[in-house]
Structures are given as structure tokens and as C-alpha cells.
Amino acid sequence: ETGVTQTPRHLVMGMTNKKSLKCEQHLGHNAMYWYKQSAKKPLELMFVYNFKEQTENNSVPSRFSPECPNSSHLFLHLHTLQPEDSALYLCASSLSIAGAQPQHFGDGTRLSIL
Amino acid sequence: SQQGEEDPQALSIQEGENATMNCSYKTSINNLQWYRQNSGRGLVHLILIRSNEREKHSGRLRVTLDTSKKSSSLLITASRAADTASYFCATDAPNSGGSNYKLTFGKGTLLTVNP
């Protein structure tokens with residue numbers, strides 16, 4: 001148990017569907033992150049939130065829309081995705097966005113786009 | 001752009017042997033972290049070493065950092081089958097904006113420990 005919970009664990013959706021990924025952390029952290037992990041590629045940072053405010057959008061297409069209603073919850077809203085968006089989406093949290101902060105990861109949502 | 005790069009890409013050893021994985025990076029860093037990922041799970045933080053440190057230990061883990069060569073190594077001693085996982089290095093590099101919180105990960109080393 002890492003203290004970071006992601007739901008659902010698996011998601012299959014068509015390109016025209018709308019779905020949302022959810023992340024919740026019980027660690028009292030103030031920073032939360034979305035990463036994309038594709039086969040044979042390094043982990044890609046997508047978004048960073050610090051005290052509910054977005055501080056980083058790593059040139060992510062607008063079909064991915066993050067939402068952070070409070071420091072404990074993070075969502076990733078998905079709309080009109082492409083087959084290349086199939087990947088493992090990982091949420092992480094850390095105490096702050098300052099350097100030298102270990103990140104705590106959830107077990108991810110395995111997303112498959114038909 | 002990819003900062004850290006692990007070597008080898010895959011490593012297979014027998015239980016009880018030591019496993020050494022290496023990480024090279026391109027630009028100067030504040031600190032370097034190692035993570036483990038079991039199949040189908042998220043990443044787990046193992047150890048953090050700061051740029052002014054040369055070696056750090058945690059249980060059966062030993063991490064070294066050579067900033068002159070821009071490289072780090074992770075040694076797992078007396079390996080166990082449960083150590084089978086992918087291992088990633090992540091660098092935390094300073095930037096001009098001062099917001100040095102972006103971790104850049106490598107592609108990882110897949111370690112298999114055979115019973």
C-alpha cells in the first residue's frame with residue numbers, strides 16, 4: 001500500500017468516449033503528478049499540481065484535461081483519444097514540488113483505446 | 001528529452017548473486033533517485049542521493065554517484081527472487097526558473113533474479 005490509490009485499474013474505451021481517471025492520496029502531500037508510461041519509452045511527465053494549482057503542462061494534447069479539486073484528489077478527463085494514447089497512466093504525489101522529494105506512485109490505470 | 005539512461009537494458013542473475021545497474025545522465029543535477037517497478041504496479045522509491053554525496057546505503061542497496069562522469073550505479077547485494085523488477089533512475093536537474101521539481105526518468109533496467 002503506497003498511500004496513492006488510482007481507479008479504475010483497467011479501462012478500455014473507444015475513440016469517441018469520454019472517461020475519467022481518478023487518483024487519491026492519503027499521505028498529506030501537497031503536490032500531485034500525472035505520468036504516461038508507454039512500452040519501450042521513458043516515463044513522461046504530463047501535469048503537475050501544487051496546492052491545487054497547475055504548475056506544469058508538459059505540452060499535453062487538449063484531449064487530456066486534468067482537474068485537481070483539492071490536494072488529495074486528482075482527475076484526468078479523457079475525450080476523443082487516439083490509439084497511441086494507449087498506455088499505463090500513473091499518478092504520483094510528493095510532499096512538495098521542491099527538489100529532493102521522493103515521489104509516491106499509485107499502481108496506475110492501464111488504458112486501451114480501441 | 002531523456003536525461004537518465006540505464007544500462008544494461010536487461011539483467012538476469014541467480015538468487016544470491018549481486019546485481020549492478022548503471023545510470024548515465026547528460027546535464028548537471030541536484031540529486032538522483034532510484035525507483036523499482038514490479039510488473040503491473042507503480043514505481044516505488046528506493047533511495048535518493050544528492051549531488052554532493054558519493055555513496056549511500058539502504059539495507060541491501062548501495063548507490064554511488066560520480067558527478068564528474070555523470071553516472072550512478074545501484075548495487076543490490078545477495079539478490080532474491082522478489083527483487084525481480086524494473087529499476088529506474090530519475091534525475092532532478094536545476095533550471096533557470098528555480099522550480100527544480102521535474103524528475104526525468106530513464107527507460108529502466110529489467111532485472112530477473114532466478115531462484
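So that the names make sense, note that chain A is the first sequence line, chain B the second, and so on, each numbered from 1. Just the heavy atoms: all of them, side chains too, but no hydrogens, waters or symmetry mates, feed the values below. Computed from a prediction, not measured in an experiment: that's the story for all the values here.
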Inset, instruction - Apply salt bridge (Lys or Arg N to Asp or Glu O under 4.0 Å) to B:Lys102 and A:Glu56, showing your working. - result: CA-CA 9 Å; B:Lys102 285 176 65 172; A:Glu56 180 84 18; 3.2 Å; yes
Legend entry - Under 4.5 Å from any heavy atom of chain A - which part of B:Leu43: both
Inset, instruction - Find the one option among A:Lys41, A:Lys40, A:Gln37 whose heavy-atom pairs under 4.5 Å with chain B are most numerous. - result: A:Gln37
Inset, instruction - Look at atom NZ of B:Lys56 and say whether more than 12 heavy atoms of other residues, nucleotides or ligands are closer to it than 6.0 Å. - result: yes
Inset, instruction - Pick one of side chain, backbone, both or neither for B:Gln9, based on which atoms fall under 4.5 Å of a heavy atom in chain A. - result: neither
Inset, instruction - Keeping to residues at least two apart or across chains, list the side chain to side chain donor-acceptor pair (under 3.5 Å) pairs with something in residues 105-114 of chain A. - result: A:Asp107-B:Arg41
Inset, instruction - Return yes when atom CZ of B:Arg80 has more than 12 non-hydrogen atoms of other residues, nucleotides or ligands closer than 6.0 Å, and no otherwise. - result: no
Inset, instruction - Please name the pair of heavy atoms, one in A:Ser94 and one in A:Gln101, separated by the smallest distance, quoted to 0.1 Å. - result: CB-CB, 4.2 Å
Legend entry - chain B neighbours within residues 77-92 of chain A, where any heavy atom lies under 4.5 Å away: A:Leu88, A:Leu90
Inset, instruction - Taking the six-membered ring for Trp and the single ring otherwise, decide whether the centroids of A:Phe64 and A:Phe47 are under 6.0 Å apart. - result: no
Legend entry - Pairs where residues 40-86 of chain B contributes a residue and the test ring pair (Phe, Tyr, Trp, His ring centres under 6.0 Å) is met, not counting sequence neighbours: B:Tyr35-B:His45
Legend entry - A:Asn58 versus chain B, the contacting section by heavy-atom distance below 4.5 Å: side chain
Inset, instruction - Return yes if a side-chain donor-acceptor contact under 3.5 Å exists between B:Asp7 and B:Ser24, otherwise no. - result: no
Legend entry - Linked, directly or transitively: A:Leu95 and A:Leu74 (ILVMFWY side chains, under 4.5 Å): no
Inset, instruction - Report yes if some heavy atom in the side chain of A:Ser93 is under 4.5 Å from a heavy atom in the side chain of A:Asn30; otherwise report no. - result: no
Legend entry - Pair A:Phe105 + A:Tyr35: ring centers closer than 6.0 Å: yes
Inset, instruction - Select all residues of residues 60-78 of chain B having any heavy atom within less than 4.5 Å of some heavy atom of chain A, and report them by number, or 'none'. - result: none
